K.L.:
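Next up is a structure, given as structure tokens.
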Amino acid sequence: MSITRTEQELRRREERAALEEAGIEAYPHSWEVTARSATILETFDDEQHQPDEETGEARYRVSIAGRMMSRRIMGKASFFHLQDSEGQIQVYVRRDDLPEGFYNTVFKRLLDIGDIVGVEGYVFRTRMGEISVHAERLVLLAKALRPLPVVKEQDGQVYNEVTDKEFRYRQRYVDLVVNPKVRETFRQRAKLISGIRSFLDERGYLEVETPALQPIYGGAAARPFTTHHNALDMPLFLRIADELYLKRLVVGGFDGVYEIAKDFRNEGLSRFHNPEFTMMELYVAYREYGWMMDLVEEMVEHVATLLHGKPEVQYGEHTISFKRPWKRVPIFEAIRKRTGHDLYGLPREDLARIGKDLGLEIDSSMGSGKIIDEIFGEFVEPNLIQPTFITDYPVELSPLAKRHRSTPGLVERFEAIVGGKEICNAFSELNDPDDQRSRFEAQDRLHAAGDDEAMAIDEDYLRALEYGMPPTAGLGVGIDRLTMLMTNSASIRDVILFPLLRPEKTESEESTSDESVGDS
RNA sequence: GAUCCCGUAGCUCAGCUGGCAGAGCAUCUGACUUUUAAUCAGAGGGUCCCAGGUUCGAGCCCUGGCGGGAUCACCA
């Protein structure tokens, strides 16, 4: 099996060999970093850091490391930009400052854009005004054997920007190197998650971990991934939600528990759906959904401010304000305002007729809850740009939510809709074990009727409820969707480092699959 | 799963009505000791996604496939 290499790859392998022949390690073990690019640029002071007038000694010495991103060779002196975790800084290299022969044979011939190097030297400002590091020592720290796409920039104009989405998602490491915005997005994501975590920790809620491998999946309407445990010879499901386990913990006496974890749903891919995604779920004892709305407002306003310095973000053409309070609209009222139809209490036949009148395709398998959800999703949700709580859903859509305290047929549930998309789902949790059993049974009938997203009966969960669960408010926040909003990202793939893609065909796979054609 | 769009050098992209595969950057050779999309002179680099078909001739037209994107469906 021969690997075909490009001319530039071959070239770099020859350079590596030449380096090693010259006694220069292509992959040394470490480098002492004393400073990073952005910090140097911030802290350099023209007056304070002039060389000592008497001794000529430099005042601001640094040892930096990073990737060589560009190079301008001008005979016996050169400039290059070094990129580290903070950004980029220019390095100035002179032949006569480096060991005999190093500049001409190593720097100019054997190093390339993309190589990782260490530089020791002093900080100064060039004639053109750019704060730079004057190299007195230059060391190769890791040789790049593949050419790095060279992206150039001037006055905010980016040239040869790497835009190919497939390339960017498959080789995210390259995307991260060459697209600063991508690094920033994932820093924002980390900040958002840590912001939520500390917000919840400060309020005394306990962060826990519950099984990702579950014998019975539940807590959401979704198709699961299935797998198998060999030693126990049993089927297992990857969790679609943490909900039922977290509520078991509330039964166990934890008053507030939360988990930030991956859920897995065996469904289609889209710019809003990745098969594994991150969810934050929170359950607080003795509280109900109105209280939870207050908490969500406060938490999201808090993280928006944490990320942007103010509770406002730009999302596409919209400026979204997360400033409290958000609008709160019961779902039937929201539908009535948009469509003119009051759907509350209508029998299924009437709902189906109205749905059809509105131009929706309604088939016989859809229950009344489903039809209401369709009408809402089609006519209301996309128009809710500013944060809005939609409340009081029909009971048949929400098998785990507690019945509404005053309106029959509804549950105490809300979703927060922002930018036309749901960012969270919450309710007063159903804690009546008998009601829960009958809701599970209704789900089970749906399942038997062919709805493969309906929940199964979880006997152990019912047993837990029978021991008594306090009144509880529960919340689920889609971290990926929230990150999309906070980072102005159009696709979930832009906020997930390694989104699922079809497997890439390598040369060896192609040839083996060719061979296996004869076998099968 | 359906529809539409895309796939050309390491990267970004041209490629006319079907007529010798191109540019910039990157790479290589040479010049240049404060440049900055460095500059100047020269050179090399291609499975035009894959497989068929039409044609004297296919990057271009046709069929099928693969991969990606967008929209829809599905779905929180």
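Naming convention: chains lettered A, B, ... in sequence-line order (proteins, then strands); numbering from 1 in each chain. Since we're looking at a predicted model, the values are computed, not measured.
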K.L.:
Rounded off to whole Å, could you give me the CE-to-P distance for the M69(A) and rA26(B) pair?
P.N.:
13 Å
K.L.:
R265(A) and F225(A): side chain to side chain contact (heavy atoms under 4.5 Å, CB included), yes or no, with the steps?
P.N.:
CA-CA 6 Å; R265(A) 298 187 184 176; F225(A) 286 92; 5.6 Å; no
K.L.:
What is the distance, rounded to the nearest whole Å, between atom CD of E166(A) and atom P of rU12(B)?
P.N.:
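Computing the E166(A):CD to rU12(B):P distance gives 11 Å.
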K.L.:
Let me know the distance between CZ of F107(A) and P of rC32(B), rounded to the nearest Å.
P.N.:
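Checked: the CZ to P distance equals 16 Å.
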K.L.:
Which listed nucleotide (rC75(B), rC25(B), rG67(B)) is nearest to the side chain of E267(A)?
P.N.:
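Nearest listed nucleotide: rC75(B).
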K.L.:
Please give the distance between the P atoms of rG65(B) and rA70(B) as a whole number of Å.
P.N.:
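Roughly 22 Å separates the two P atoms.
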K.L.:
Going by ring pair (Phe, Tyr, Trp, His ring centres under 6.0 Å), name the residues that satisfy it together with Y60(A), two or more places apart in sequence or in a different chain.
P.N.:
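Result, ring pair (Phe, Tyr, Trp, His ring centres under 6.0 Å) vs Y60(A): H49(A).
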K.L.:
Are R328(A) and E297(A) within salt-bridge range, i.e. N to O under 4.0 Å?
P.N.:
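A salt bridge is present here (some side-chain N lies under 4.0 Å from a carboxylate O).
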K.L.:
Please classify the nucleic acid contact of F272(A) as base, sugar-phosphate, or nothing, using heavy-atom distances under 4.0 Å.
P.N.:
nothing
K.L.:
Quick one: is rU35(B) close enough that its OP1 or OP2 comes under 4.0 Å of any side-chain N or O from R72(A)?
P.N.:
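For rU35(B), OP1/OP2 do not have a side-chain N/O of R72(A) under 4.0 Å.
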K.L.:
Do F427(A) and Y289(A) have their ring centres less than 6.0 Å from each other?
P.N.:
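Not under 6.0 Å, so no.
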K.L.:
Please confirm whether any donor atom in the side chain of Q90(A) sits under 3.5 Å from an acceptor in the base of rU35(B), or the reverse.
P.N.:
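Between rU35(B) and Q90(A), which were checked side chain against base, a qualifying N/O pair under 3.5 Å is present.
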K.L.:
Go ahead and name the base partner of rU17(B); Watson-Crick or wobble counts if both distances stay under 3.5 Å, otherwise write none.
P.N.:
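Per the H-bond distance test, none.
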K.L.:
For rC60(B), what is the paired nucleotide under Watson-Crick or G-U wobble rules, both distances under 3.5 Å?
P.N.:
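For rC60(B), the partner nucleotide comes out as none, under the 3.5 Å rule.
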K.L.:
Taking atom P in both rG10(B) and rU27(B), compute the distance separating them and give it to the nearest angstrom.
P.N.:
14 Å
K.L.:
Could you list, one pair per line, each protein nitrogen or oxygen that sits under 3.5 Å from a nitrogen or oxygen of nucleotides 1-8 of chain B, together with the distance?
P.N.:
none

K.L.:
For rA43(B) versus rC48(B), give the span between their C1' atoms, rounded off to a whole number of Å.
P.N.:
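rA43(B) and rC48(B) have their C1' atoms separated by 23 Å.
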K.L.:
Kindly say if R109(A) contacts the phosphate of rG30(B), meaning a side-chain N or O under 4.0 Å from OP1 or OP2.
P.N.:
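Yes, such a contact exists.
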K.L.:
Considering just the side-chain nitrogens and oxygens of T163(A), establish if one lies under 4.0 Å of OP1 or OP2 belonging to rC11(B).
P.N.:
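It does not, given that no N or O in the side chain of T163(A) lies less than 4.0 Å from OP1 or OP2 of rC11(B).
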K.L.:
Using Watson-Crick or G-U wobble geometry with both distances below 3.5 Å, tell me the partner of rU71(B), or none.
P.N.:
rA2(B)
K.L.:
In the strands shown, is rG45(B) matched to any nucleotide by a Watson-Crick or G-U wobble pair with both distances under 3.5 Å, and which?
P.N.:
none
K.L.:
One thing to verify: whether E412(A) and K402(A) come together as a salt bridge, which I'm taking to mean a side-chain N less than 4.0 angstrom from a carboxylate O.
P.N.:
no
K.L.:
Could you work out the separation of rC28(B) and rG67(B) based on their C1' atoms and round it to a whole Å?
P.N.:
33 Å
K.L.:
In terms of side-chain heavy atoms of M74(A), which of rU12(B), rG10(B), rC32(B) is nearest?
P.N.:
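Of rU12(B), rG10(B), rC32(B), rC32(B) is nearest to the side chain of M74(A).
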K.L.:
What does I73(A) touch in the nucleic acid at a heavy-atom separation under 4.0 angstrom: a base, only the sugar-phosphate, or nothing?
P.N.:
base
K.L.:
At under 4.0 Å between heavy atoms, what does H134(A) touch on the DNA or RNA strands: base, sugar-phosphate, or nothing?
P.N.:
nothing
K.L.:
Picking from rG69(B), rC75(B), rU27(B), which would you name as closest to the side chain of H273(A)?
P.N.:
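Output: rC75(B).
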K.L.:
As a quick check of understanding, evaluate side chain to side chain contact (heavy atoms under 4.5 Å, CB included) for D97(A) and Y92(A), giving each step before the final call.
P.N.:
CA-CA 10 Å; D97(A) 297 330; Y92(A) 178 52; 5.5 Å; no
K.L.:
Within the structure shown, what part of the strands sits under 4.0 Å from E453(A) by heavy-atom distance: base, sugar-phosphate, or nothing?
P.N.:
sugar-phosphate
K.L.:
Mind checking R13(A) for me? I need base, sugar-phosphate or nothing, with any heavy atom below 4.0 Å counting as a touch.
P.N.:
nothing
K.L.:
Name the closest nucleotide to the E130(A) side chain, picking from rU34(B), rU27(B), rU36(B).
P.N.:
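Among rU34(B), rU27(B), rU36(B), the one nearest the side chain of E130(A) is rU36(B).
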K.L.:
Going by an N to O cut-off under 4.0 Å, is there a salt bridge joining R239(A) and E259(A)?
P.N.:
yes
K.L.:
With respect to the phosphate group of rG24(B), does any side-chain polar atom (N or O) of K152(A) fall under 4.0 Å of OP1 or OP2?
P.N.:
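Checking rG24(B) against K152(A), no side-chain N or O comes under 4.0 Å of OP1 or OP2.
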K.L.:
Quick one: label D155(A) by what it contacts on the DNA or RNA (base, sugar-phosphate, nothing), any heavy atom closer than 4.0 Å.
P.N.:
nothing
K.L.:
Applying a 4.0 Å non-hydrogen cut-off, can you work out what E153(A) is touching in the nucleic acid: base, sugar-phosphate, or nothing?
P.N.:
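Touches sugar-phosphate only.
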K.L.:
Counting only side-chain nitrogens and oxygens, does R223(A) get under 4.0 Å of the OP1 or OP2 atom of rC74(B)?
P.N.:
no
K.L.:
If the threshold is 4.0 Å, N to carboxylate O, is there a salt bridge linking R61(A) and E136(A)?
P.N.:
yes
K.L.:
Is it true that D84(A) and R67(A) have a side-chain N and a carboxylate O under 4.0 angstrom from each other?
P.N.:
no
K.L.:
Roughly how many Å apart are rC6(B) and rG45(B), using the P atom of each and rounding to a whole number?
P.N.:
31 Å
K.L.:
Mind checking if R481(A) touches a base, just sugar-phosphate, or nothing, with heavy atoms under 4.0 Å?
P.N.:
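Here R481(A) touches no strand at all.
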K.L.:
For rU39(B), what is the paired nucleotide under Watson-Crick or G-U wobble rules, both distances under 3.5 Å?
P.N.:
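rA31(B) - that is the nucleotide pairing with rU39(B), both distances being under 3.5 Å.
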K.L.:
Please tell me if K108(A) has a side-chain N or O lying less than 4.0 Å from either OP1 or OP2 of rC28(B).
P.N.:
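The answer is no; no side-chain N or O of K108(A) sits under 4.0 Å from OP1 or OP2.
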K.L.:
Using the P atoms only, state how far rG59(B) lies from rC20(B), rounded to an integer number of Å.
P.N.:
10 Å
K.L.:
Looking for any heavy atom pair under 4.0 Å, which part of the strands does E15(A) touch: base, sugar-phosphate only, or nothing?
P.N.:
sugar-phosphate
K.L.:
Give the nucleotide from the list rC11(B), rC28(B), rG10(B) with an atom nearest to the side chain of D112(A).
P.N.:
rC28(B)
K.L.:
Report yes or no: do S368(A) and E396(A) form a side-chain donor-acceptor pair below 3.5 Å?
P.N.:
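Yes, a side-chain donor-acceptor pair sits under 3.5 Å.
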K.L.:
Taking the basic N atoms (NZ, or NE/NH1/NH2) and the acidic carboxylate oxygens, is any pair closer than 4.0 Å for K370(A) and D373(A)?
P.N.:
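So K370(A) does not pair with D373(A) through a salt bridge.
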K.L.:
For a side chain to side chain contact (heavy atoms under 4.5 Å, CB included) check, start with the C-alpha distance between R13(A) and R5(A), then their side-chain angles and the critical distance, and finish with the verdict.
P.N.:
CA-CA 10 Å; R13(A) 278 169 193 277; R5(A) 299 194 203 281; 3.2 Å; yes
K.L.:
Looking at every strand, decide which applies to R146(A) at a 4.0 Å heavy-atom threshold: base, sugar-phosphate, or nothing.
P.N.:
nothing
K.L.:
Could you go over nucleotides 40-45 of chain B and give all protein N or O partners under 3.5 Å, atom names and distances?
P.N.:
unit_1  : atom_1 : unit_2 : atom_2 : d
rG44(B) : N2     : E7(A)  : OE1    : 3.4
rG45(B) : O4'    : E7(A)  : OE1    : 3.0

K.L.:
Give R168(A) one of three labels, base, sugar-phosphate or nothing, depending on what nucleic acid heavy atoms sit under 4.0 Å from its own.
P.N.:
nothing
K.L.:
Tell me which nucleotide among rG69(B), rC11(B), rA73(B) gets nearest to the side chain of V162(A).
P.N.:
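Side chain of V162(A) sits closest to rC11(B).
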K.L.:
Is the shortest side-chain N/O distance from R127(A) to OP1 or OP2 of rU36(B) below 4.0 Å?
P.N.:
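Indeed not, no polar side-chain atom of R127(A) lies that close.
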K.L.:
Which nucleotide in the set rU27(B), rA70(B), rG68(B) lies at the smallest distance from any side-chain heavy atom of R271(A)?
P.N.:
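Within the option list, the nearest is rA70(B).
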K.L.:
Grab the CD-C1' distance between E381(A) and rC75(B) for me, whole Å please.
P.N.:
11 Å
K.L.:
Does a nitrogen or oxygen in the side chain of R5(A) sit under 4.0 Å from OP1 or OP2 of rG10(B)?
P.N.:
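No, outside the criterion.
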K.L.:
Might you work through the side chain to side chain contact (heavy atoms under 4.5 Å, CB included) test for I216(A) and Q214(A), ending with a clear yes or no?
P.N.:
CA-CA 5 Å; I216(A) 299 174; Q214(A) 305 180 346; over 6 Å; no
K.L.:
Is D373(A) touching bases, backbone alone, or none of the nucleic acid, heavy atoms closer than 4.0 Å?
P.N.:
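Base, at least one base atom sits under 4.0 Å.
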K.L.:
Need the pair for rU12(B). Rule: Watson-Crick or G-U wobble, both distances under 3.5 Å, any strand; none if unpaired.
P.N.:
rA23(B)
